[in-house]
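Everything below concerns the one structure shown next.
Numbered from 1 within each chain, the chains take letters A, B, ... in sequence-line order.
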Amino acid sequence: MIEQAPALIVIIPLLAALLLIPATPLGPRFAYGLLVTALAATLAAALATLNLVMVANEAVHYRMGDWLPPHGIELVIDHLSGVVLVLVSGCALLTAIYSRQSAEQDNPDRLNQYYALFALLVTGLLGMTATGDVFNLYVLLEISALSSYGLLARGRGPAYYATFKYLVVGTIGACFYLLGVGYIYIMTGSLNMADLAEILSRPELQESMSVKIGFTLIIIGVWIKMALFPLHAWMPNAYSKAGTTTACLVAPLMTKVSIYIMIRLMFSVFSVDYVFGVIPWHHLVSWLAVAAIVVGSLTALAQQDLRKMLAYIIVAEVGYMVGGAWLANEAGLTGAIYHILSDALMTLCLFMAVGAIIYRTGKSSAAAMEGLFAKMPITAAVFVLGWFSIIGIPPTCGFFSKWYLISGGIEAGHWAYVAALLFSSLINAVIFFRLIEIAYFGNFATHDGHHAAPARNEAPFTMLLPMVVTAALLIMVGLYTSEIITALVGKAIPPGL
Amino acid sequence: MDELFPFIIAKYNYWASLILLFIGLYGMIAKNNLMKKIIGMVIFQTAILLFYVSIGVKRGGTIPILEFGADHQPLLDATAYANPLPHVLMLTAIVVGVGTLGVALTILQKIQRVHGTIEEDEVLEDLRQ
Amino acid sequence: MKRLTLIILAACALIMLLAASDLPDWADPASPASSHLSPGFVEQAYEATHTPNVVTAVLADYRGYDTMFETVVVFLAALIIMIILRRTPHRRFCKILPHRPQRQGRDTVLKGAAQLIIPVMQVFALYVLGHGHYSPGGGFQGGVIFGASFILLALCYNLEFTINRFRERIVLLCCAGGALLYAGVGALCLAMGWNFLGYAALAGILGVSEAMARSHGILLVEVGVGITVMAVMVSIYYDLASGGDMREGL
């Protein structure tokens, strides 16, 4: 049974989504239980698969329908995808537990259908991570994209226009990816990643203009999906208008999985020599990343809405990871992969804390922070810890990933990237102190000090538990950095870098 | 000119689908009416479908359904049939396109209901207020 | 702005068109796409799956994992459209909405034509679905034709008439049920000790050879696809045509 674990990762959330529809008469409690149980089983399958990979110390292959790879579709799980699978299923489980109150509040009448969309989004993200076939990747990309359109459009009023824009831009991205795959397919005749890598390493294809165009189209498509500057315009509005649970699920995971896909395609389908030797524009990408970091941070500084602020911080974080992956050295890529892990956790942590604040106060502007330490002490502590990680303060994992990225930048001699990273940390610290000031002193500024401390009004337990677990994970991952790097991330670095 | 013409004829499938593709992309980016954006999106997706299907054509090949000889055994000569794989891929892509189109039309209905218009500048004006 | 977009796109198009020079010629039998994987499919598919239509064999078996998600995409579209558009009938709403006259569909010619065409369409849909192994066809095509028969009914009579015969709840159950049948067949194979969607596992249950079991497996999943596609077509029509309130169609 254990060798079936790779397939179970994708099948369990899919079956849960399909079963949620006939289970509508059984009530919201059953739906919640089914979703949480299914995602817990998915996490268990992902952990079992990661264990298989670590024991075998090589990629685990799973043949769908028992067909041999170049003709059939196979799942390939190596150290990199194993980590991302555990990350995605773990974050999804925490969000599902968290969703109990807010999902019912947002979707009083259609909870089962909402949860089915939730489970299908998770299926899409997990399937994209696990697959070893470039066309299957496209299908799952569209599944996750479509379900995120549905989830994001559940927000009210302005969410529709934001989602429409996301839909149009997202379709352009997916179609660019599909067209790029078409070019590669014409030149090679194959769709399997391992087979493609072998065919593409032939010298006559190295210089082929069509393969270069295919590569460019694929990478641009993935960039649109991950909201890399200047293709990011759709993202902040879509994320900030969404419901609480939706934002917690979509914001941390969609961009991170896209970055995983970029790294997978760059190094598993194409190769280090191809990307950094043949592609003429590879120097420009780290400058794009620098622009993303600077613009994302500065725009975040100007925002009043908490979630919009976080969305622009994600734009900057995407710049971190893209820059790290395109620095063409080991430290940079290590930092980028490790940052996928830490950034997903810290974005999840912050979005959950902000979601709890919105749930209790009904506001999402910075003014909602007023008196937070007295009203919601645990949420406030989680919020502070998450923000420490975004800034990069030592015990949290945000520090270590930034450390690797900066050392990668120094190794490559790319000083602008290093400066942008430090600048972004500085801006994040400024935003943090501004928010803390509102949280601590907001009351005194408005009411002359003669004001009783506001009553304690902490978030409900099902919200607190996943928040605290995520915050604890931030520190745990930080403390075990060297183990994670040597056992997992280090093995994911392609040879030749 | 003498070289360009045979070149276009030999590869006219790529030319046709790429030109259609950019027409669709232009519609998606430049049109103000959101419905026209959706129409652009459909042209864009269809161009990619044509691009793929044209890969599958093989000179001298018929549709990839095996023909049976007099001895009730199928003719397994690969050169006699077109490439089945692009057809399969595009069946999937068509379905994805239909799904996206349906969702886009739905959101458009909602935009029309909330903002009272489907012109992009008027929607933005409405949002600003 | 528009002109700038036009210039940029034209430049991109020109670059891509000129780069087409190293793509293989149209219909070239020696191109990599036609010579790498495709001969393998044509030569092995019949022996392995007993399905003369190679497209069906590749679609539902070799790349059955893709097709399962394709079915899920269709289901997803119906789900999203319903979740966004559908308004729960609410008393307050009914008062605000102006009363709209119901079209009764008394046109005898239309009704007569519908009565003639719809049964034929549905039988033809089943034929297309079932004959997908031997001729162009299969679950998607059959499902669309079957779904179209219900849409024709709604157009010739009215939406209410159709909804009374094919309730919204049952439509939604069919949407999920078809996809569930597909995934369930896959999971059954997994439970029998083969890999997911390895239809050869059904050989033991059906008492046939492995290749024949694959052929039956293809038929089973095609039926699942057909049910989902049919129900999704109907569901999308219900929601989009009535704007989500299920009162009157086009």
For A:I73, is it the side chain, the backbone, both, or neither that has a heavy atom closer than 4.5 Å to a heavy atom of chain C? both

A side-chain contact here means heavy atoms from C-beta on lying under 4.5 Å apart; do A:Y166 and A:S148 qualify? yes

Go through the atoms of A:Y114 and report whether side chain, backbone, both or neither lie under 4.5 Å from a heavy atom of chain C. both

Give me the atom names and distance for the closest heavy-atom approach of C:G198 to C:C189. O-SG, 3.3 Å

Name the region of A:L151, side chain, backbone, both or neither, that has any atom closer than 4.5 Å to a heavy atom of chain C. neither

Based on non-hydrogen pairs under 4.5 Å, which of C:I83, C:L173, C:V73 is most in contact with chain A? C:I83

Please determine whether side-chain contact (heavy atoms from CB on, under 4.5 Å) holds for the pair A:M64 and A:D133, giving the CA-CA distance in whole Å, both sets of side-chain angles, and the decisive distance to 0.1 Å. CA-CA 11 Å; A:M64 278 295 163; A:D133 186 282; over 6 Å; no

Below 4.5 Å from any heavy atom of chain C, which atoms of A:L120 appear? Answer side chain, backbone, both or neither. side chain

Check A:L137 against A:M193 and note the closest heavy-atom contact, atom names and distance. CD2-CE, 4.3 Å

A:E74 side chain vs A:R63 backbone, donor-acceptor pair below 3.5 Å: no

Heavy-atom pair with the smallest gap, counting every atom of C:Y134 and C:N53: N-CB, 4.3 Å

With chain C as the partner, which of A:S210, A:G127, A:S208, A:S190 has the greatest number of non-hydrogen pairs under 4.5 Å? A:S210

Which atoms of A:V10 come close to chain C, meaning under 4.5 Å heavy atom to heavy atom: side chain ones, backbone ones, both, or neither? side chain

Taking the inter-plane angle between the rings of C:F150 and C:F146 on a 0 to 90° scale, is it parallel (under 30°), tilted (30 to 60°) or perpendicular (over 60°)? tilted

Given heavy-atom pairs under 4.5 angstrom as the criterion, report whether the side chain, backbone, both or neither of C:M16 touches chain A. both

Option that, when pairs with chain C are counted at under 4.5 Å, heavy atom only, ranks first among A:Q4, A:Q113, A:H71: A:H71

So if I apply the side-chain hydrogen bond (donor to acceptor under 3.5 Å, both in side chains) rule between C:R214 and each of C:T51, C:T49, C:D61, which one comes out positive? C:D61

Pick one of side chain, backbone, both or neither for C:F69, based on which atoms fall under 4.5 Å of a heavy atom in chain A. both

With side chain to side chain contact (heavy atoms under 4.5 Å, CB included) as the test, pick out the partner of C:Y238 among C:V171, C:I81, C:L85. C:V171

On the 0 to 90° scale, with breaks at 30° and 60°, tag the C:Y62-C:F41 ring pair as parallel, tilted or perpendicular. perpendicular

Indicate whether any N or O donor in one side chain lies under 3.5 Å from an N or O acceptor in the other, for C:E210 and C:Y199. no

At a heavy-atom distance under 4.5 Å, which candidate from C:L172, C:L76, C:I84 has the highest pair count against chain A? C:L76

Contact winner vs chain C - A:G124, A:G65, A:A116, A:P70, heavy-atom pairs under 4.5 Å: A:G65

Close approach to chain C in residues 15-25 of chain A, criterion heavy atom under 4.5 Å: A:L15, A:L18, A:L19, A:I21, A:P22, A:P25

Measure from the ring center of A:Y138 to the ring center of A:F135 and say whether it is less than 6.0 Å. yes

Quick check: does any side chain N or O of C:T67 sit under 3.5 Å from a backbone N or O of C:E70, one acting as donor and the other as acceptor? no

Between A:V211 and A:I184 the two heavy atoms that sit nearest each other are O-CD1, 4.0 Å

Does any backbone or side-chain atom of A:L146 lie under 4.5 Å from a heavy atom of chain C? Answer side chain, backbone, both or neither. both

Minimum heavy-atom separation for A:M187 and C:D22, please, with both atom names. CE-O, 3.6 Å

Could you have a look at A:G72, A:A7, A:S147 and say which one has the most heavy-atom pairs with chain C under 4.5 angstrom? A:S147

Determine the option with the most heavy-atom pairs under 4.5 angstrom with chain C, choosing from A:I213, A:V139, A:I11, A:L8. A:I11

At a heavy-atom separation under 4.5 Å, does A:L205 approach chain C through its side chain, its backbone, both, or neither? neither

Closer than 3.5 angstrom, by distance alone: can the side chain of A:T131 be matched with the main-chain N or O of A:M128 as a donor-acceptor pair? no

Among C:I15, C:L197, C:L37, which residue has the highest count of heavy-atom pairs closer than 4.5 Å to chain A? C:L37

Interface moiety of A:L14 toward chain C, non-hydrogen atoms closer than 4.5 Å: side chain

Checking A:L68 against chain C: side chain, backbone, both or neither under 4.5 Å from a heavy atom? neither

Where on A:T163 is there a heavy atom nearer than 4.5 Å to chain C: the side chain, the backbone, both, or neither? neither

